[in-house]
Amino acid sequence: MTASETQDPAMAKTTSTQDRRVQRVPISEKLLRMPAVLPLITFLLILIVWEAGTRLFAVPSFVLPAPSRILGGFESVSAGRWMEHVWATLRVALIGYAVSFVISLPIAVGLAKSRLLSGAFYPLLVVIQSVPVVAVAPIIIVVLGTGDAPRVVITFMISFFPLVVSMTTGLAATPPELIELSRSLRAPSFREITQIRLPFATPYIFSGMKISITLSVIGAVVSEFVAADKGIGYFIQFSTSMFKLPQAWAGLVILVIMSLVLFQLVSVAQRIFFPWSLPKGQK
Amino acid sequence: MALTSNAISFSSVGQTFLTGSGSVTALDGVTVTIAQHEFVAVLGPSGCGKSTLLRLTAGLMKPSKGTVSVFGKEVTMPRDDVGIVFQKPTLLPWANIEDNVVFPVRHKYGRVTNEDRAQARAIIETVGLKGFEKRLPSELSGGMQQRVGIARALFLNPDILLMDEPFSALDALTRDAMGIELLRLWQASPKTVLFITHSIPEAALLADRILVLSERPGRIIADLQVPTARPRDESALRTPEMQDFSAELRSLLIRKEAA
Ligand SMILES: Nc1ncnc2c1ncn2[C@@H]1O[C@H](COP(=O)(O)OP(=O)(O)O)[C@@H](O)[C@H]1O
Ligand SMILES: [Mg+2]
């Protein structure tokens with residue numbers, strides 16, 4: 001057969017019609033179609049309504065501070081202090097996330113490979129997942145004392161489950177033909193995992209990683225609510241207890257930004273290192 | 001070369017699967033021998049046990065009854081001299097074509113030599129994909145992907161090639177072209193081929209001999225030599241004797257379905 005086989009005539013047609021359409025679109029509409037523009041406009045509108053509303057109705061700042069007051073809240077703390085708080089939360093979130101990943105992987109391999117293991121341990125994992133971590137957190141702090149350890153454990157408990165589930169699903173979603181190929185070659189079993197199952201699970205693993213990274217930030221914050229002397233979670237709690245609401249809101253904004261940045265980092269890592277694992281149309 | 005000229009032999013083979021809702025007998029009393037370098041097609045309705053027949057030959061499962069032998073030795077586990085082509089090409093989407101073809105060596109031994117790569121490129125050329133070595137599977141059409149699947153199976157130079165409906169996912173034109181191509185490969189480097197299909201023209205065009213299986217539990221209800229000499233191309237199917245032969249096959253398959 002010849003190379004002409006690759007040129008799907010139907011595809012060629014759609015791209016050419018698309019080209020034609022793009023040429024006719026007015027610039028204003030083109031701008032609107034850029035992925036970041038529309039949500040940015042929505043966000044700015046919300047800020048304007050928020051600012052105007054709080055001023056117009058003289059909403060007290062402990063109920064809802066205006067965006068400008070929140071901005072002021074950033075300034076009431078020095079940049080150095082902010083960095084300390086951010087680093088404390090970020091460190092716990094990232095270590096907890098890494099621990100979740102490292103522990104989830106062998107668990108998922110075991111669950112995917114052995115029906116016995118999955119029968120024995122899956123219900124247990126569901127039970128752990130169902131425990132309200134916020135309620136267990138004080139106990140964990142008492143058991144593990146001060147320092148990062150109890151906070152990392154709390155973060156792990158909140159973030160590991162989506163990873164285990166997505167990894168197990170991914171490892172089991174490998175095309176059965178490739179498993180048969182592996183068996184027909186009498187290849188060592190660990191290579192079936194490393195060369196077939198794990199790479200095929202990559203898209204699943206990344207969707208779990210995206211959920212878990214945001215949960216890790218939540219975990220770190222929850223642990224700071226229970227016992228901490230640093231961190232954004234601690235800062236928010238401390239600020240509210242002092243009735244410094246704009247400052248607490250500023251902390252919240254930083255947490256949101258932190259989650260968004262971490263989420264994007266995971267997405268970008270997938271795009272750079274595993275481009276083939278992206279769903280079609282996102283490459 | 002093996003001591004016996006029998007490449008594959010089944011003797012009173014039966015296969016029963018235990019499932020949640022009871023047992024399914026996929027094959028029953030299958031006895032057949034396939035000579036070395038014979039091209040045998042297996043025809044039968046879906047679910048009659050064709051893939052099971054192939055898996056037994058590949059050593060991927062053990063028969064519940066009887067014995068399966070390859071080159072005179074009972075099959076107890078997969079062998080190095082048997083290659084498999086699946087219905088879907090199932091390539092590694094992250095690996096380029098060359099890496100997909102050398103995959104069996106990387107997977108079995110953990111490393112790939114330069115000779116392996118040179119040999120892979122030679123095979124890629126014989127299946128007509130020269131110049132596509134560094135492309136990803138997603139950049140190739142379905143037919144080309146299946147060529148890679150065939151190249152991967154040929155890479156370890158097996159004496160026996162097992163093909164499970166390898167062209168059934170392709171469009172009709174590509175499918176015919178691939179059949180002719182397979183014949184060319186087979187004539188250039190003779191192998192024993194067990195080719196599963198449910199297409200009568202495909203079986204008649206490609207095979208020396210056709211086994212027809214009954215509905216489940218699969219039994220061999222006919223074992224026929226294809227009447228036309230080689231080399232063949234599509235026009236061979238239009239001769240009166242091949243028309244009669246196809247009609248005979250059709251009636252065998254239809255009778256089974258009515259029963
Ligand atoms: N591993 C298995 N476990 C249970 N049943 C199976 C298994 N493999 C095949 N079967 C059953 O055996 C029958 C024959 O399957 P198969 O050989 O795949 O048929 P064919 O390839 O002819 O379509 C089917 O009814 C199928 O459901
Ligand atoms: Mg089948």
Side-chain angles (χ1 to χ4, degrees), chain A residues 1-15 115 118-119 170-206 269-283, chain B residues 51 54-55 57-61 77-80 82-96 99 103-110 127-132 135-147 149 152-153 156 158 162 164 170-171 173-174 177-178 180-181:
Chain A
M1 231 157 299
T2 59
S4 69
E5 238 189 82
T6 37
Q7 270 145 20
D8 181 357
M11 240 171 66
K13 211 191 276 168
T14 52
T15 43
R115 203 171 281 175
S118 115
L171 289 170
T174 315
E177 290 91 344
L178 282 172
I179 302 303
E180 290 206 324
L181 178 67
S182 174
R183 286 185 50 214
S184 78
L185 291 165
R186 284 177 287 121
S189 174
F190 76 90
R191 272 198 216 117
E192 179 200 301
I193 305 276
T194 57
Q195 295 185 348
I196 300 177
R197 285 190 189 266
L198 269 180
F200 262 101
T202 306
Y204 297 84
I205 293 176
F206 267 100
Q270 180 178 16
R271 207 155 295 196
I272 292 176
F273 298 114
F274 306 95
W276 51 265
S277 72
L278 293 166
K280 284 209 168 68
Q282 276 189 37
K283 294 182 190 179
Chain B
S51 297
L54 188 136
R55 286 203 187 92
T57 314
L60 291 167
M61 54 169 78
M77 59 172 161
R79 303 168 51 109
D80 289 345
V82 176
I84 311 175
V85 179
F86 302 97
Q87 181 168 3
K88 286 181 287 170
T90 48
L91 305 174
L92 309 174
W94 57 87
N96 66 32
D99 288 338
F103 179 71
V105 163
R106 180 191 303 284
H107 195 57
K108 191 171 165 69
Y109 304 108
V127 301
L129 289 178
K130 193 173 168 53
F132 289 89
R135 299 291 194 88
L136 289 178
S138 58
E139 299 176 278
L140 268 58
S141 69
M144 296 170 100
Q145 288 186 22
Q146 191 54 288
R147 281 157 190 270
R152 178 176 67 189
L156 291 175
L162 306 175
D164 194 351
L170 306 175
D171 62 83
L173 284 177
T174 313
M178 292 286 288
I180 301 290
E181 190 82 12

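Quick note on labels: first sequence line is chain A, next is B, and so on, each numbered from 1.
Nearest heavy-atom pair across A/Gln195 and B/Trp94 is O-CZ2, 3.4 Å. Smallest separation of non-hydrogen atoms from B/Pro78 and A/Ser184: CB-O, 3.3 Å. Contact record, B/His107 with A/Pro188: O-CD, 4.0 Å, taken as the closest heavy-atom pair. Pairing each heavy atom of A/Glu180 with each of B/Phe86, the nearest pair is OE1-CE2, 3.8 Å.
Heavy atoms closer than 4.5 Å to chain B are found in both the backbone and the side chain of A/Phe200. Of the atoms belonging to B/Arg79, it is backbone heavy atoms, and not side-chain ones, that fall under 4.5 Å from chain A. Only the side chain of A/Pro175 comes within less than 4.5 Å of a heavy atom in chain B; its backbone stays farther off. Contacts between B/Phe103 and chain A at a heavy-atom distance below 4.5 Å involve the side chain alone, from C-beta outward.
When each of B/Ala58, B/Ala153, B/Pro104 is checked for heavy-atom pairs under 4.5 Å with chain A, B/Pro104 comes out on top. The choice from B/Leu92, B/Ile84, B/Asp80 that makes the most heavy-atom pairs within less than 4.5 Å of chain A is B/Asp80. Looking only at heavy-atom pairs under 4.5 Å with chain A, the residue among B/Lys88, B/Arg106, B/Arg152 that has the most is B/Arg106.
The CE atom of B/Met77 sits 5.0 Å away from atom CZ of A/Arg186, with the distance rounded to the nearest 0.5 Å. Distance check: B/Lys108 NZ to A/Leu181 CG gives 11.0 Å after rounding to the nearest 0.5 Å.
Residues A/Leu185 and B/Leu156 form a side-chain contact, since some pair of their non-hydrogen atoms from C-beta on lies under 4.5 Å apart.
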